[in-house]
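All values below come from the heavy atoms of this structure, side chains included, with hydrogens, waters and symmetry mates left out.
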Amino acid sequence: MSTDVTTYAGLLSSIEDPSGRELLDPATGEVVGRTREGSPADIDTAVAAARRVQSDWAARTSQERSGLLNQAADAIEASAEALAELLSREQGKPLNGPNARFEVGACAAWLRANAAFELDAETLVDDEETHAELHYAPVGVIGAVGPWNWPMMISVWQFAPSLKMGNTVVLKPSEYTPLSVQALVAVVNQVLPADVLTVVPGGGDVGAALTSHTDVDKIMFTGSTKTGQAIMASAADTLARLTLELGGNDAGIVLENADPAAIAGDLFWGAFINTGQTCAAMKRLYVPDSLYDQVCDALVEVAKQSPMGVGLEEENVLGPLQNRQQYDIVAKLVQAAKDGGARVLTGGDPAADQPGYFYPTTLVADIDNNNPLVAEEQFGPVLPIIRYTDLEQAIGWANELEVGLGSSVWGSDLEECKKVAARLEAGSTWINKHGAVDPRIPFGGVKKSGFGLEFGLEGLKHVSVPHVISW
């Protein structure tokens with residue numbers, strides 16, 4: 001008898017293991033549920049099953065696969081509120097704002113977008129002597145390893161294009177948020193054929209078993225640069241293809257012709273989306289001396305109007321850090337800013353008696369560009385605001401780090417913004433917004449933020465094998 005996954009209780013009961021490991025709500029410390037713990041042997045089983053069904057899945061027409069992706073999006077929308085509640089409880093993000101309900105909605109939107117894409121053969125040469133075409137075939141079995149910050153959405157980023165192109169997928173979620181991904185897969189698998197999409201929760205040994213598996217043809221990973229480097233090393237033995245979306249420390253540059261009041265809201269959410277726990281969030285903001293105080297004051301006002309608290313309370317739009325380790329990193333970096341003589345405009349002083357991993361929304365001014373809070377990725381609700389007197393100086397500072405995921409330029413002269421944007425070393429540069437990913441627009445990093453593209457037709461190409469046919 002099937003379980004009604006459109007209700008929270010039904011959804012949780014469909015995936016929970018009563019004897020499994022406890023997951024605690026990072027906002028309250030209460031038990032959310034218990035997850036089963038997979039093993040490397042489970043990876044072997046899942047990969048073997050994915051291999052068995054892959055050719056049949058690829059043999060379906062692209063239109064048939066698109067139809068199933070659209071049905072999967074329908075299933076997500078039918079269970080949207082239950083998925084959002086579980087996500088809020090396990091990850092900590094509030095239901096409202098650009099958080100849990102937003103993430104679940106993005107899952108459906110990404111499935112529909114990928115269903116609509118068609119990657120047709122490209123004619124390369126067509127003259128009297130030669131005709132050559134570039135075709136794209138499935139890679140085979142894809143191993144996908146996801147993070148804890150956007151566990152559902154990034155899983156869809158990985159499996160939606162993969163399934164569209166005729167691959168099968170084995171997912172390994174973060175050990176911090178396994179219930180969310182298992183729930184998402186349970187909902188989607190109401191529609192998909194058996195073993196086309198499988199999730200195996202577990203720790204680092206499970207992840208290593210997947211990324212080093214000899215029968216996995218491509219690895220997709222979103223997470224830290226350090227882990228990405230380890231995955232890349234292990235892939236050398238199998239020559240598995242790779243897409244790595246790794247850490248970032250995105251810079252935003254405000255130009256002298258910007259309107260502080262007009263951009264303050266977008267600046268704030270460019271930095272504080274998901275309480276700052278986003279790879280492509282703005283992590284450091286460069287502001288000209290002429291506008292510095294105005295921008296700082298405007299950001300403080302937005303912060304005052306953005307309540308933080310338990311995610312299931314409807315008024316909140318900011319939540320806790322997801323885990324203690326991340327909380328400690330944020331606290332250490334803010335302390336480094338204080339020790340360096342920086343000025344805390346708001347926040348920076350967490351309540352000692354508050355349950356959960358709440359770190360207050362923190363804006364830091366008059367900070368040296370070499371301070372650890374600027375030079376290292378904080379991945380939390382903190383934004384350092386660095387004063388500059390020369391645009392060349394700001395561009396140099398923005399480009400000097402080893403990472404390059406996203407960046408942004410803010411100003412009222414579009415042509416000037418575009419000129420500055422072209423000089424920034426990042427996979428994506430937004431103008432008068434930050435982190436605005438779109439399923440139609442390719443996304444990926446440069447330098448130590450990884451390589452490979454996701455989203456759009458380019459994203460489909462990166463989960464495919466090119467095949468040139470000529471005559």
Side-chain angles (χ1 to χ4, degrees), residues 26-28 88 91-100 102 149-150 249-252 254 260-261 263-285 287 292-324 326-338 342-367 371-374 376-386 408 410 433-435:
T28 65
S88 180
Q91 201 282 336
K93 63 183 65 183
L95 291 171
N96 290 320
N99 294 298
F102 169 87
N149 58 333
W150 295 92
N249 194 346
D250 290 12
V254 176
I263 65 174
D266 289 330
L267 279 174
F268 181 87
W269 285 112
F272 291 94
I273 183 173
N274 196 29
T275 315
Q277 299 167 105
T278 299
C279 293
M282 185 167 58
K283 309 291 191 343
R284 48 199 173 113
L285 179 62
V287 180
Y292 192 81
D293 291 338
Q294 296 176 63
V295 169
C296 288
D297 292 344
L299 285 171
V300 168
E301 286 304 309
V302 178
K304 290 178 180 177
Q305 299 165 19
S306 304
M308 175 182 285
V310 175
L312 296 182
E313 296 173 0
E314 295 281 349
E315 69 274 15
N316 293 322
V317 292
L318 296 166
L321 277 303
Q322 201 285 324
N323 54 79
R324 182 74 203 191
Q326 195 57 43
Y327 179 96
D328 290 342
I329 290 171
V330 170
K332 181 187 73 171
L333 290 173
V334 173
Q335 188 59 50
K338 293 177 179 178
R343 178 165 55 102
V344 176
L345 300 174
T346 187
D349 187 18
D353 58 348
Q354 184 176 20
Y357 303 131
F358 286 97
Y359 197 93
T361 306
T362 301
L363 296 163
V364 179
D366 297 330
I367 185 169
N371 189 278
L373 179 59
V374 180
E376 301 175 23
E377 184 183 25
Q378 67 273 37
F379 216 70
V382 181
L383 179 65
I385 308 167
I386 305 97
S408 57
W410 305 76
K433 52 188 175 182
H434 195 109

Working for side-chain contact (heavy atoms from CB on, under 4.5 Å), residues K304 and T346: CA-CA 9 Å; K304 290 178 180 177; T346 187; 5.7 Å; no

Any residue meeting ring pair (Phe, Tyr, Trp, His ring centres under 6.0 Å) with Y292, in chain and number order, not counting sequence neighbours: none

F268: ring pair (Phe, Tyr, Trp, His ring centres under 6.0 Å) partners, not counting sequence neighbours: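 Checked F268 against ring pair (Phe, Tyr, Trp, His ring centres under 6.0 Å); matches are F272.
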
Please tabulate, for side-chain N and O atoms in residues 309-320, each donor-acceptor pair with protein atoms closer than 3.5 Å (sequence neighbours left out).
{"from": "E313", "atom 1": "OE1", "to": "N316", "atom 2": "ND2", "distance (Å)": "3.3"}
{"from": "E314", "atom 1": "OE1", "to": "N96", "atom 2": "ND2", "distance (Å)": "2.6"}
{"from": "E314", "atom 1": "OE1", "to": "R101", "atom 2": "NH1", "distance (Å)": "2.9"}
{"from": "E314", "atom 1": "OE2", "to": "R101", "atom 2": "NH2", "distance (Å)": "3.1"}
{"from": "N316", "atom 1": "ND2", "to": "V310", "atom 2": "O", "distance (Å)": "2.9"}

Face-on cation placement of K93 at W150 ring, 6.0 Å and 45° thresholds: yes

When rounded to the nearest 0.5 angstrom, what distance separates [atom1] in [X] from [atom2] in [Y]?
{"X": "T278", "Y": "D250", "atom1": "OG1", "atom2": "CG", "value": "10.0 Å"}
{"X": "D266", "Y": "M282", "atom1": "CG", "atom2": "CE", "value": "9.5 Å"}
{"X": "I386", "Y": "L285", "atom1": "CD1", "atom2": "CG", "value": "7.0 Å"}
{"X": "C296", "Y": "L363", "atom1": "SG", "atom2": "CG", "value": "8.0 Å"}

Step-by-step side-chain contact (heavy atoms from CB on, under 4.5 Å) determination, I329 to L321: CA-CA 10 Å; I329 290 171; L321 277 303; over 6 Å; no

Plane angle bin for Y357 and Y327 - parallel if under 30°, tilted between 30 and 60°, otherwise perpendicular: tilted

Looking only at non-hydrogen atoms, find the nearest pair between [X] and [Y] and report the distance.
{"X": "G252", "Y": "W410", "value": "CA-NE1, 4.3 Å"}
{"X": "P360", "Y": "G348", "value": "CG-N, 3.8 Å"}
{"X": "C279", "Y": "N149", "value": "N-ND2, 3.9 Å"}
{"X": "G276", "Y": "A281", "value": "O-CB, 4.5 Å"}

Verdict with reasoning, Q294 to V287, per side-chain contact (heavy atoms from CB on, under 4.5 Å): CA-CA 10 Å; Q294 296 176 63; V287 180; over 6 Å; no

Donor-acceptor check, side chain of [X] to backbone of [Y], threshold 3.5 angstrom: yes or no?
{"X": "Q277", "Y": "N274", "result": "yes"}
{"X": "E376", "Y": "N371", "result": "no"}
{"X": "N249", "Y": "V374", "result": "yes"}

Carboxylate-amine/guanidinium proximity below 4.0 Å for D328 and R324: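 So D328 pairs with R324 through a salt bridge.
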
Check against side-chain contact (heavy atoms from CB on, under 4.5 Å), F379 and K283: CA-CA 8 Å; F379 216 70; K283 309 291 191 343; 4.2 Å; yes

